[in-house]
Protein chains: 4
Amino acid sequence: MEPSRPLRADAVRNRTKILDAAREQITRLGPDVPMDTIAEAAGVAVGTLYRHFPTKTDLVTAVIGEHSELITQAIEAAAERVAGGADAMSEISALMSHIVEAAASDRAVKAAAQDVGAEFLTPEQESRSRAATTAMIEAAQRDGRLREDVTADDFYLLILTAPTAVEPAVRARWLQLFLAGFTTSRN
Amino acid sequence: MEPSRPLRADAVRNRTKILDAAREQITRLGPDVPMDTIAEAAGVAVGTLYRHFPTKTDLVTAVIGEHSELITQAIEAAAERVAGGADAMSEISALMSHIVEAAASDRAVKAAAQDVGAEFLTPEQESRSRAATTAMIEAAQRDGRLREDVTADDFYLLILTAPTAVEPAVRARWLQLFLAGFTTSRN
Amino acid sequence: MEPSRPLRADAVRNRTKILDAAREQITRLGPDVPMDTIAEAAGVAVGTLYRHFPTKTDLVTAVIGEHSELITQAIEAAAERVAGGADAMSEISALMSHIVEAAASDRAVKAAAQDVGAEFLTPEQESRSRAATTAMIEAAQRDGRLREDVTADDFYLLILTAPTAVEPAVRARWLQLFLAGFTTSRN
Amino acid sequence: MEPSRPLRADAVRNRTKILDAAREQITRLGPDVPMDTIAEAAGVAVGTLYRHFPTKTDLVTAVIGEHSELITQAIEAAAERVAGGADAMSEISALMSHIVEAAASDRAVKAAAQDVGAEFLTPEQESRSRAATTAMIEAAQRDGRLREDVTADDFYLLILTAPTAVEPAVRARWLQLFLAGFTTSRN
DNA sequence: CATGAATGAGACTTCATTCAT
DNA sequence: GATGAATGAAGTCTCATTCAT
């Protein structure tokens, strides 16, 4: 679980700086930012960048990975609150809203992901978030608030297709419509 | 609109070949296919390609334009059938299904569109399809099959966010869920 | 002396149009104007242009030829006036001034000439203008107005090195200085 | 003026090689030599060339800059000799001869300069050489060897119009004639 | 281990010239 | 004979990646 020896302190610092810069640059300028640009923004030389990420694909994958991890954690947190008694359907709504907003601001990262053919979630994140999502879904179904046939996959679909390049209000409308299709009643 | 004389027969032939090749290549390999590759696939020299489309952007725009036109026509056809007495909600469902499938196979074209900053519909297509969509929506609402607050914009959202890189079955499920949110009852 | 059959009337017209356009375009945009641009300016298709001038070099050469012919004629006219009794040195001054101004306005043509490696005068023009120039020089020398060692070649040098990309006033000063070196006295 | 750290040893070496190659190639083949050709002649890859000179214009400008600097220094050296007691008119003659010869061998560079719209002298070089030239002119005028109305600008005109594509002997004759126009007596 | 210079394939585009219509 | 579409070599420049310092 600790594959390579622990990185030296400054190496860690560099890795962080690179990842920060990459996220920012890719988000701002799209998936085609030159590696040199990212390196400069990170305050390191390209060589250093390549030491940490042997390939552009690796770098993009890492950036996406950060994002996915945050999302996975948000899902788990919501599931825990539901387990602790919070209202399932409300948590689901809030969670989706949050995820969709986050995805929007990272639209370029998403584009980069496709460019690069990277998967959005690692297998490990996939199973963690699937478990958490399923738990919430079942709770909401027990509450009679969610259609019986809705599964975790349906929510993935929702996340996957969230519109990115539109106004927040439009995104909200989209989410409202989509979630309406999931729910049992509409009052 | 016909200022320049009609293109010579062989020029027309080439234009078609180029457009076909471009659609195919971009769809298959993404928006970054080199112009040379497209030219070769079309069986012409690059120079010919550039005579027809002075810029890569122009070419991509043209490819998208074809697609948009087909979609616009499909919308208008459906609206006409509804005007002629066909069931509005059925037509809408079928239309959406068709559009979403078509969009899927052209996912790369969609990507290219974004890359290029091209609008998906020309203003003219936009107003044509908006008129037709609105007519169908109103008919379905009169039938009591569509929520009263649904507008043409909502359908654009649907089209815009249709998942592309997934199995047809998944896409069908997605459409089912999304349309469920639009409808009045669920039987 | 009439090598190929006389051109058809419209062919003559086209040749003229092309030459006019070429002179104008090259002068205005430099020696790198595309053949297509010249053809368009001439109101003919490239093919026609190529029928008249099989090569860009040929076209440029022809344009220069026109210019050289005019100059040659100006020289001959001046020589005739001198032969008719006009003041040799005045005629020479005026002639040089004229030639230098003309060369300036055709600077791009001159550039094109170098680009293309074309000679400025044809052998035939060369001998005509040499004869005329020599006659004037001898007359001016008889008048005691020109250094004894000055030859026609010296005047070619003057024409060859006339500054082009400068103000007319500067050109006038240049000519004044240069001619001063040719003359016997300076009052 | 020294913001960026000194170039690495090998970078300096390459810069020199590139400049040398560029000078040679442009001189030999004219201002249109492909960048690839220059790179190859320099023994580097194009990328390296572009790292040092982001644009062809930049490269040409640099080549011209070298030349202008050498000329400026030659002018200053001559002026210093005059200040130290050397004969002004002799120095001027020799200097011009030198400049004109140098310009001839760099004729293509001169052409390139025009092509590129680059000024021949930087403002700084311009004022340095103007000061030096003026000093020499005044000395020669005090000696009674130069016309009173001759200025530094006249000498620039001389330099500007020096014939390039001719035999050295012809160039010498040209200079003799031109300078004759500058001088007071002709014995 | 960082640096940043070097590499070189390949992208887009232009244009003299040829050739089918 | 005119037209203008097609050709394709060549040019400038970019950028992921390697490697000397």
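Lettering of chains follows the sequences in order, A, B, ..., and the numbering in each one begins at 1. In this text, all values refer to a predicted model and were calculated from it rather than measured experimentally.
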Whole Å only: how far is the CD atom of D:Gln25 from the C1' atom of F:dG11? 16 Å
For the pair D:Thr61 (side chain) and D:Thr57 (backbone), establish whether a donor and an acceptor sit closer than 3.5 Å, ignoring hydrogens and angles. yes
Test salt bridge (Lys or Arg N to Asp or Glu O under 4.0 Å) applied to D:Glu24 - qualifying residues, sequence neighbours left out: D:Arg28
Would you say A:Arg51 reaches E:dA2's phosphate, i.e. side-chain N/O to OP1/OP2 under 4.0 Å? yes
Tell me whether the side-chain N/O atoms of C:Thr48 come closer than 4.0 Å to OP1 or OP2 in F:dT3. yes
Taking only Watson-Crick and G-U wobble pairs with both distances under 3.5 Å, what dot-bracket line describes DNA chain E, where [ ] shows pairs that cross earlier ones and | shows pairs with another strand? .||||||||||||||||||||
State which residues pass salt bridge (Lys or Arg N to Asp or Glu O under 4.0 Å) with D:Glu66; sequence neighbours excluded, sorted by chain then number. D:Arg23
Please state how far atom CG in D:Leu49 lies from atom P in F:dT14, giving the value in whole angstrom units. 13 Å
B:Lys56 side chain to B:Val33 backbone, donor-acceptor under 3.5 Å: yes
Report yes or no: does A:Thr48 contribute a side-chain atom to a donor-acceptor pair with the main-chain N or O of A:Val44 at less than 3.5 Å? no
Atom CD of A:Glu40 and atom C1' of E:dA5 are separated, to the nearest Å, by 15 Å
By side chain to side chain donor-acceptor pair (under 3.5 Å), which residues pair with D:Asp36, not counting sequence neighbours? none
Nearest-Å distance for atom pair CG/P, residues D:Leu29 and F:dG11: 11 Å
From CD1 of A:Ile38 over to C1' of E:dG4, roughly how many Å is that when rounded to an integer? 17 Å
For D:Arg13 and F:dA20, what is the distance between atoms CZ and P respectively, to the nearest whole Å? 13 Å
Can a donor-acceptor pair be found, under 3.5 Å and without considering hydrogens, that links the side chain of B:Gln125 to the backbone of B:Thr122? yes
So, using salt bridge (Lys or Arg N to Asp or Glu O under 4.0 Å) as the criterion, who are the partners of C:Glu69 when residues are at least two apart? C:Arg128
Report, one pair per line, the protein and nucleotides 11-15 of chain E atoms (nitrogen or oxygen only) whose separation is under 3.5 Å.
| residue | atom | partner | partner atom | Å |
| --- | --- | --- | --- | --- |
| E:dC12 | OP1 | B:Lys56 | NZ | 2.9 |
| E:dC12 | OP2 | B:Met35 | N | 2.8 |
| E:dT13 | OP2 | B:Tyr50 | OH | 3.0 |
| E:dT13 | OP2 | B:Lys56 | N | 3.2 |

Output the distance between atom CD1 (A:Ile64) and atom NE2 (A:His67), rounded to the nearest 0.5 Å. 9.5 Å
Whole-Å distance between F:dG11 C1' and D:Phe53 CZ? 19 Å
Here the distance between atom C1' of E:dA16 and atom CG of C:Asp58, to the nearest Å, is 13 Å
